[in-house]
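On a predicted model such as this, the values are computed, not experimentally measured, just so you know. Counting starts at 1 for both ligands and their atoms, in listed order.
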Amino acid sequence: MTKLLKIHKRSEMHKLYIAAEVIKNGGIVAFPTETVYGLGANALDKKAIDRIFKVKKRAKNDPIIVHVASINQCKKICYFNVIAKKLAEKFWPGPLTLVLKKKKCVPENVTAGLQTIAVRMPSNEIALNLIKLSNVPIGAPSANLFGKPSATTAKHVIEDFYGKIDIIIDSGKTRIGVESTVVDARKKPLTILRPGGLTKERIKKVIGDVILHDSVLEMGETEILSPGMYKRHYAPKAKMIVVEGKKERVIKKIKELQKKFESKKIGIIAFRKGCYKGNVKVLGTNTKEVARNLFEVLREFDKENVDIIISECYHTRGLGLAITNRLKRASGFNIIKV
Ligand code: TXA
Ligand code: MG
């Protein structure tokens, strides 16, 4: 049985005691963060983490982010360096995940056998309070079945995990909608492994030079640091094509593709209204809206059983970098450049 806990107001926060007990006892709780929903368990409990891998059908070699409620708690599980201190002081709590050298107390399944660990302090109050009340660091991947679009509402979590985990906390739609920015903080220059809710521009202002791992916008030639960087990810069931280039050319190409695949059920992802006929979903009129709606729209197309999703590409400024990365990865880098 999965228990649903609705927390929409401060006055409902007391319900978190039940969830914290579950975490302490080795159970699994799906909870909101400011980015996406997470599937959480005690990060120091090997069995509980094993259960997460199983229920999520996650590859054993894909490490999990550990969520903390204070820098002191974080220092117990990893070696916090000067770069990490600077970034954490500026951006925690918030959508930034730091990859650092791990300490021995962390079970090896959490980090998939790596000597590094990904840590983050979420800013969502429910998430923070859950960690505080549980009094343990919480290991939590995004609350979606492995490889599928992330969950930005409790409804999405219910679709994937109802009956399979102990508790699902429902606090509505998450604020940001794309996952945290993952950076390798072990040395300078800092490398962004996965762009996310915290923009490269903001990190740059604090830390100076920042490199993008070459898997962020292209297929990537260099060695992947973790299998979470696998090619097709956040993927809908449908085949997906991303069309990249100048506005007019993109529109022309997408119309051509609509004709070419006439006999199929097509879904179009666009960023302004009125450009196409058919089943078109406009993600939003500004970057924040687009980020917030992205995964939901991928899930909607899945429900409609479309055969092909054809998407306009997005820009790479600010939060746009994370959006473009998710679109390209959802397509398995099936990109047409025009
Ligand atoms: O916003 C988020 O980050 C959400 C919420 C729940 O916090 N979590 C999330 O977790 O997106 P997940 O498991 O879906 O993605 C974790 C990413 C993966 O790309 C994984 O490969 C990477 O973090 N990662 C974890 N540990 C790592 C490590 N030691 N080195 C490099 N990458 C790591
Ligand atoms: Mg994920």
Short N/O distance, under 3.5 Å, between Lys56 and ligand 1?
no
Would [X] and [Y] count as having a side-chain donor-acceptor pair, cut-off 3.5 Å?
X: Tyr276; Y: Glu312; result: yes
X: Ser331; Y: Arg326; result: no
X: Thr35; Y: Ser180; result: no

Among Ala112, Gly196, Ser142, closest by any non-hydrogen atom to atom 9 (C) of ligand 1:
Ser142
Show the atoms of ligand 1 that are less than 4.0 angstrom away from any heavy atom in Thr116.
28 (C), 29 (N), 30 (N)
Atoms of ligand 1 under 4.0 Å from any heavy atom of His67, numbered from 1 in the order shown, are 5 (C), 6 (C), 7 (O)
Determine, using heavy atoms of Leu114 and all atoms of ligand 1, whether some pair is separated by less than 4.0 Å.
yes
Answer yes or no for Arg58: is there a heavy-atom contact with ligand 1 below 4.0 Å?
yes
Before accepting this row, confirm whether a basic side-chain N of the pair Glu89/Lys85 lies closer than 4.0 Å to the acidic partner's carboxylate O.
yes
Look at Glu289 together with Arg292 and state whether they make a salt bridge at an N to O cut-off of under 4.0 Å.
no
Lys/Arg cation over aromatic Tyr79: Lys103, 6.0 Å, 45° cone
yes
Per-residue contact class, [X] against ligand 1 - non-hydrogen pairs under 4.0 Å:
X: Val99; result: side chain
X: Asp184; result: neither
X: Lys101; result: neither

